[in-house]
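Ligands are counted one by one from 1 in listed order, and the atoms in each one are counted from 1 as well.
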Amino acid sequence: MNESIKKIGWFNRISNNGKLERRLSLGEYKRAESWSKYLVSSGGEIKAKGDQMEEWSADMSQLFIGNKFAMGRHSRIYRGVYKQQDVAVKLISQPEEDRDLAIMLEKQFISEVVLLFRLHHPNIITFFAACKKPPVFCIINEYLSGGSLRAYLHQQEPYSLNPNLVLKLAVDIARGMQYLHSQGIIHRDLKSENLLLGENMCVKVADFGISCLESQCGNAKGFTGTYRWMAPEMIKEKKHTKKIDVYSFAIVMWELLTALTPFDDMTPEQAAFAVCQKNARPPLPASCPRAFRELINRCWSSNPNKRPGFDEIVKVLEGYAKLIDQDPDFLATYEPREDPTLFKRCFRCHTS
Ligand SMILES: Nc1ncnc2c1ncn2[C@@H]1O[C@H](COP(=O)(O)OP(=O)(O)OP(=O)(O)O)[C@@H](O)[C@H]1O
């Protein structure tokens, strides 16, 4: 047994009806050896167009599953080892009693796998493989030991993150989103819970369950994103564009600056109403550097056309990062109105 497998300690298995059974001890594991015999037996591969299926389908003889460490609304996430690498295994089980939900989860699974398969970027979670054995689906991604950005922020004192760290994290997120948009994909659920931390506080964008190709997104009717991070046009169920992710990015920047939950004195529905009807936004702290304040205010503008795209956001943030290299106090002392050329300078230092 290799070291990675020993590390995760316990091993689970899926029964013939697709249910995850109790953990196996190491002794039992030796008999079970891997998930292959449980998950692959009835040939539940992903049915997809073309040859992609072959490339996505997990080689189940190479998958070992350890402890559950997180849960989503309809999923459980386990540590695991796949082809000798640390992975997170997301198991989605379709409820027997709710056919509509079961169909929706299957659609989301297929869509997430199709999108993940084509994404390759240092700020996007790395996808390894997937398998489908209704009523259970699994997605195997790289394991990110830092957990979610939300969990990290909730361990910090409010307003305590160093602005330079805020900038570093924001640059990572913006680069991931810039790449995603360059691929024609809208994330539609960008929030700190769907941002994961890897080595050296590198942030990676994750959870593409409700993402879509911009050309195929349609309107947002029946949509299940998260209100506190959701752009007003999305809440109103109008046709939406990539700019909804820019709005959510502004809320994530607010989270970085405050380490709090947006609109935490309201229910999600009250927050949605306040955003749409009263143009409410979570209050930026007085300590917020002006460089961030200006960018955030543009990004969460109620008019999507006034929001910058991620190309511009990345350039601006990278420009700030370069200026910090020259002057570590740059963010504290930045006075934009007295220096109208700053944005241009930022662009120049990025491109030079
Ligand atoms: N690859 C990973 N590495 C480390 N932690 C992970 C990984 N994938 C997921 N997690 C953890 O599991 C949580 C839920 O994962 P994810 O958002 O992918 O599930 P989900 O079913 O789509 O959730 P929801 O539908 O509620 O948004 C994340 O917030 C994170 O804490």
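- Note: Tyr320 and Phe330 have tilted aromatic rings, judged against thresholds of 30 and 60 degrees for the angle between ring planes.
- Looking at atom 1 (N) of ligand 1, its nearest protein heavy atom turns out to be Glu142 O, 2.8 Å.
- With a 6.0 Å cutoff to the six-membered ring centre and a 45° limit on the axis angle, Arg79 counts as a cation-pi contact of Tyr143.
- Within the 6.0 Å centre-distance limit, the rings of Phe117 and Trp56 are counted as a close aromatic pair.
- Backbone and side-chain nitrogen or oxygen atoms of Glu193 are examined, and one is located within less than 3.5 angstrom of a nitrogen or oxygen of ligand 1.
- Salt-bridge formation is detected for the pair Glu233/Arg307: a Lys NZ or Arg NE/NH1/NH2 atom is positioned less than 4.0 Å from an Asp or Glu carboxylate oxygen.
- In terms of protein heavy-atom proximity, atom 11 (C) of ligand 1 is nearest to Ala70 CB, 3.7 Å.
- In terms of N/O distances under 3.5 Å, ligand 1 is not approached by Gly72.
- The atoms of ligand 1 that sit less than 4.0 Å from any heavy atom of Arg73 are 23 (O), 24 (P), 25 (O), 26 (O), 27 (O).
- The existence of a salt bridge linking Lys315 and Asp311 is excluded, since no basic side-chain nitrogen approaches an acidic carboxylate oxygen closer than 4.0 Å.
- Ring pair Phe310/Phe249: centre-to-centre distance below 6.0 Å.
- Counting protein heavy atoms only, atom 21 (O) of ligand 1 is closest to Ser75 OG, 2.4 Å.
- Counting protein heavy atoms only, atom 3 (N) of ligand 1 is closest to Leu144 N, 3.0 Å.
- Between Lys191 and the options Thr226, Leu149, Asp207, a side-chain contact (heavy atoms from CB on, under 4.5 Å) holds for only Thr226.
- Nearest-heavy-atom check against atom 16 (P) of ligand 1 across Arg150, Lys90, His74 picks out Lys90.
- Ring geometry for Phe109 against Phe137 counts as parallel: the plane angle stays under 30°, on a 0 to 90° scale with 60° as the upper cut.
- With contacts defined as side-chain heavy-atom distances shorter than 4.5 Å, the pair Cys138/Lys133 does not qualify.
- A salt bridge is defined here as a Lys NZ or Arg NE, NH1 or NH2 lying under 4.0 Å from an Asp or Glu carboxylate O, and Glu193 with Arg228 fails to meet this definition.
- Here the protein heavy atom with the shortest distance to atom 8 (N) of ligand 1 is Leu196 CD1, 3.8 Å.
- Scanning the protein for heavy atoms near atom 22 (O) of ligand 1, the closest one is Asp207 OD2, 2.7 Å.
- Taking every heavy atom of Ile125 and a limit of under 4.0 angstrom, the matching atoms of ligand 1 come to 1 (N).
- Those atoms of ligand 1 that come under 4.0 Å of a heavy atom in Phe69, given as number and element, are 4 (C), 5 (N), 6 (C).
- Ile77 CG2, 3.9 Å is the protein heavy atom nearest to atom 9 (C) of ligand 1.
- Only the side chain of Asn194 comes within contact range of ligand 1, with a heavy atom under 4.0 Å; no backbone atom does.
- Of all protein heavy atoms, the one lying nearest to atom 31 (O) of ligand 1 is Ser148 CB, 3.8 Å.
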